[in-house]
**Q** 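A single structure is presented below for examination.
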Amino acid sequence: MRETPSPGNLPHILLEWYDVHAREMPWRTGPAERRAGIRPDPYRIWLSEIMLQQTTVATVRDYFARFVARWPTVAELAAAPDADVMGEWAGLGYYARARNLLKCARAVVAQHDGVFPADHAALLALPGIGPYTAAAVSSIAFDLPQTVLDGNVERVMARLYDIHTPLPGAKPVLMEKAAALTPRDRPGDYAQAVMDLGATICTPKSPACGICPWRDPCKARREGTAPLLPMKTPKKPKPVRHGTLYLAQRTDGAWLLETRPDKGLLGGMLGWPGSDWLDIATERPAGTPPVTACWHDLAGEVRHTFTHFHLILSVRTARVGPEVQPERGDFVPRQNFRPSDLPTVMRKAFDLSQSAHVAGL
DNA sequence: CAACCGTGGTT
DNA sequence: TAACCAAGGTT
C-alpha cells in the first residue's frame with residue numbers, strides 16, 4: 001500500500017509492452033532486430049533526433065528519407081554545400097537546426113574521425129545537440145543508460161507521480177523521477193518505449209488510461225488528474241506584424257532572391273527581398289524595392305504564423321530587363337530555382353504570385 | 001533565464 | 001477559428 005509508485009519492475013512492464021507495440025520508424029532498430037544483434041546507425045539516429053526536435057514523426061519521415069538518400073553517411077553530409085542542405089531542409093522549420101546539423105557533421109569528421117561519440121558529455125559538446133538529444137543518441141544508438149527527458153517523458157512522469165508543479169519549473173523534479181526509472185538493461189529500447197507511450201497512450205488530451213501498461217501504478221489516474229497534467233505556465237499572446245515582399249522576375253525567367261543572414265528568423269534560408277516586419281497596422285511597411293522597376297501590388301496577402309508572432313505581408317511583383325543591377329539579392333536562373341527550396345512563408349508569396357499570374361492579373 | 005526560433009496537424 | 005501541441009537548442 002503506497003501513495004506513489006516505486007521503480008520496482010515498472011521499466012520491465014514497459015519493455016514488455018514495447019516488445020509488442022513498438023512503432024515502426026525508418027531510422028529505428030526494433031526490439032526484435034536488437035535482440036538479433038542488429039545495432040542502429042548512429043548517423044541515422046542523430047539525424048532523426050535533430051529532425052524530431054519539436055516536429056512530428058509523420059512530418060519527419062519524408063525529410064529523413066530524402067536526406068539519407070542524398071547523404072548516406074555523416075562524411076558525405078559534412079562535404080555538402082551549405083545551400084544544398086538548407087534547400088533540402090526548407091519547409092521543416094527551426095532552420096538553426098539545419099545550420100547546426102552541418103556544423104555538427106563537420107565537427108564529427110574533423111574532431112572524431114567521422115565516428116559519432118557514444119558518451120553523453122562528448123555529444124553535448126557538439127552543435128545542435130542539447131541534453132535531450134545527447135541522451136537520446138547515447139541511449140538509442142549505443143544502448144548506454146542515459147535518461148531522455150522530452151515532452152512525452154515530462155507528461156508521463158507528471159502523471160505517474162501526480163506532480164502539479166507547472167512546467168518548465170518542474171523539469172528538475174521530472175528528470176529525477178525519470179532517471180530513477182531508467183534501467184541498466186535495454187536502456188535504448190526503454191528510452192523509445194517511454195516516448196512511444198507518451199505519443200500513443202499517455203497523450204496530452206484524452207489519454208487512453210484503460211489500456212496503459214502503467215495504469216495500476218499511475219497516481220494521476222487514481223486521482224483523476226491525468227488529463228490536466230502536466231501543468232504549464234501560460235504563454236504570452238502573439239503580436240501581429242506587417243511587411244512587404246518584392247518578387248522580381250527577369251525576362252529570361254530568373255528570379256531575384258537573397259540568402260538571409262545566418263542569425264535570426266529564417267537564418268541562412270533563401271527568401272524574397274522585402275521590408276522589415278513591424279508591429280504597426282496603420283501604414284504597412286513597404287521598405288525599399290530591391291531594384292528599380294514598375295512594381296505592381298498583388299491582390300490578396302500572405303498570412304503566416306511563426307513561433308512568437310503572426311505575420312501579414314503585401315506582395316509586389318515586377319518584370320525587369322536583362323540589364324538591371326539589383327541593390328539587394330541575386331538573380332537565380334529559372335532552371336536553378338525550385339520553390340521547394342524556400343521556407344514556407346516565402347513559398348506562400350510565390351504561390352500567390354503564380355495564382356495571380358494564372359488568373360491573368 | 002526568458003526570449004527567440006517554423007510548421008502542420010488536432011481539437 | 002484560435003489555441004494547443006510535437007523525440008528542444010541557443011543565447
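Below, read A as the first sequence line, B as the second, and so on, with proteins coming before strands; counting in each chain starts at 1. Everything numeric here is computed off the predicted structure, so don't read it as measured data.
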**Q** Is the closest basic N to carboxylate O distance between D351(A) and R347(A) below 4.0 Å?
**A**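 Answer for the salt bridge query: yes.
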
**Q** Suppose you measure atom C1' in dT11(C) against the same atom in dT7(B); what distance do you get, rounded to whole Å?
**A** 22 Å

**Q** Angle class for the W295(A)/Y246(A) ring planes (parallel below 30°, perpendicular above 60°, tilted otherwise)?
**A**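 The rings of W295(A) and Y246(A) stand perpendicular, inter-plane angle above 60°.
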
**Q** Which part of the nucleic acid, if any, lies within reach of I129(A) when heavy atoms closer than 4.0 Å are counted: base, sugar-phosphate only, or nothing?
**A** sugar-phosphate

**Q** When all nucleic acid strands are considered with a 4.0 Å heavy-atom cut-off, which category describes T133(A): base, sugar-phosphate, or nothing?
**A** sugar-phosphate

**Q** Could you measure between the two C1' atoms, the one in dA6(C) and the one in dC5(B), and give it in whole Å?
**A** 15 Å

**Q** Between K238(A) and P168(A), which residue's closest nucleotide on DNA chain B lies nearer the 5′ terminus?
**A** P168(A)

**Q** Flag this pair as yes if the NZ/CZ of R334(A) is under 6.0 angstrom from the six-membered ring centre of F337(A) and inside a 45 degree cone about the axis; otherwise no.
**A**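 Geometry flag: not set, cation outside 6.0 Å or 45°.
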
**Q** Does a side-chain N or O from H304(A) land closer than 4.0 Å to OP1 or OP2 of dT7(B), or not?
**A** yes

**Q** In terms of side-chain heavy atoms, does T305(A) have a donor or acceptor partner in H310(A) at a distance below 3.5 Å?
**A**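 Their side chains do contain a donor-acceptor pair, which is all the 3.5 Å distance test asks for.
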
**Q** Please give me every residue in residues 192-215 of chain A whose heavy atoms get under 4.0 Å of an atom in DNA chain C, ordered by residue number.
**A** M195(A), D196(A), A199(A), P204(A)

**Q** Roughly how many Å apart are dC4(C) and dG6(B), using the C1' atom of each and rounding to a whole number?
**A**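 About 15 Å, rounded to a whole number of Å.
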
**Q** Please tell me if the side chains of M51(A) and L47(A) come closer than 4.5 Å, counting only heavy atoms from C-beta onward.
**A** yes

**Q** Using only heavy-atom distances, determine whether the side chains of T225(A) and D162(A) contain a donor-acceptor pair under 3.5 Å.
**A** yes

**Q** Remember a base hit wins even if backbone is also touched, and classify M346(A) as base, sugar-phosphate or nothing at under 4.0 Å, heavy atoms.
**A** nothing

**Q** So for atom CG, which belongs to D113(A), do other residues, nucleotides or ligands contribute more than 12 heavy atoms lying within a distance under 6.0 Å?
**A** no

**Q** Centroid-to-centroid, F64(A) to F67(A), below 6.0 Å?
**A**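 No, the ring of F64(A) stays outside the 6.0 Å limit from the ring of F67(A), centre to centre.
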
**Q** What's touching nucleotides 3-5 of chain B from the protein side, N or O pairs under 3.5 Å?
**A**
{"residue": "dA3(B)", "atom": "OP1", "partner": "K236(A)", "partner atom": "NZ", "Å": "2.2"}
{"residue": "dC5(B)", "atom": "OP1", "partner": "L265(A)", "partner atom": "N", "Å": "3.4"}
{"residue": "dC5(B)", "atom": "OP2", "partner": "H308(A)", "partner atom": "NE2", "Å": "2.3"}

**Q** Can you name the side chain to side chain donor-acceptor pair (under 3.5 Å) partners of R106(A), sequence neighbours left out?
**A** D82(A)

**Q** Rounded to whole angstrom, note down the C1' distance from dG8(C) over to dC1(B).
**A**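 Taking atom C1' in both dG8(C) and dC1(B), they lie 15 Å apart.
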
**Q** Nearest 0.5 angstrom please: W272(A) CH2 to S353(A) OG, how far?
**A**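 Going from CH2 on W272(A) over to OG on S353(A), the span is 6.5 Å.
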
**Q** Using heavy-atom distances to pick each residue's nearest nucleotide on DNA chain C, tell me which of K232(A) and K263(A) is more 5'.
**A**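 Closest to the 5' end, via its nearest nucleotide, is K232(A).
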
**Q** Rounded to whole angstroms, how far apart are CG on L311(A) and C1' on dT7(B)?
**A**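 Taking CG of L311(A) and C1' of dT7(B), I get 14 Å after rounding.
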
**Q** In dot-bracket form, 5' to 3', how is DNA chain C paired? Count Watson-Crick and G-U wobble pairs only if both distances fall under 3.5 Å, and write | where the partner sits on another strand.
**A** .|||||.||||

**Q** Using a heavy-atom cut-off of 4.0 Å across all strands, would you classify P131(A) as base, sugar-phosphate, or nothing?
**A** sugar-phosphate

**Q** If we take the C1' atom in both dT1(C) and dG8(B), what is their distance in whole Å?
**A** 16 Å

**Q** For a 4.0 angstrom threshold against heavy atoms of chain A, report the outermost contacting nucleotides of DNA chain C in 5' to 3' order.
**A**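 The footprint of chain A covers dC5(C) to dT10(C).
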
**Q** Where is the tightest heavy-atom contact between A318(A) and A293(A), given as atom of each residue plus distance?
**A** CB-CB, 3.8 Å

**Q** List the atom of H164(A), the atom of M231(A), and the distance in Å for their closest heavy-atom pair.
**A** O-CG, 3.3 Å

**Q** Can you confirm if the aromatic rings of H308(A) and F306(A) lie within a centre distance of less than 6.0 Å?
**A**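 Here the rings of H308(A) and F306(A) have centres that are no less than 6.0 Å from each other.
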
**Q** Tell me if the CZ atom of R303(A) is crowded by more than 12 foreign heavy atoms within 6.0 Å.
**A**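 Incorrect, the count does not exceed 12.
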
**Q** Does atom CD of Q335(A) have more than 12 heavy-atom neighbours from other groups under 6.0 Å away?
**A**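 It does: Q335(A) CD has more than 12 such atoms within range.
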
**Q** Side chains of Y132(A) and Q53(A): do they bring a donor and an acceptor to under 3.5 Å?
**A** no

**Q** Just by distance, no angles: are the side chains of Q192(A) and R28(A) close enough, under 3.5 Å, to form a donor-acceptor pair?
**A** yes

**Q** What are the residues of residues 51-86 of chain A, sorted by number, that bring a heavy atom to within less than 4.0 Å of DNA chain C?
**A**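 Output list: L52(A), Q53(A), Q54(A).
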
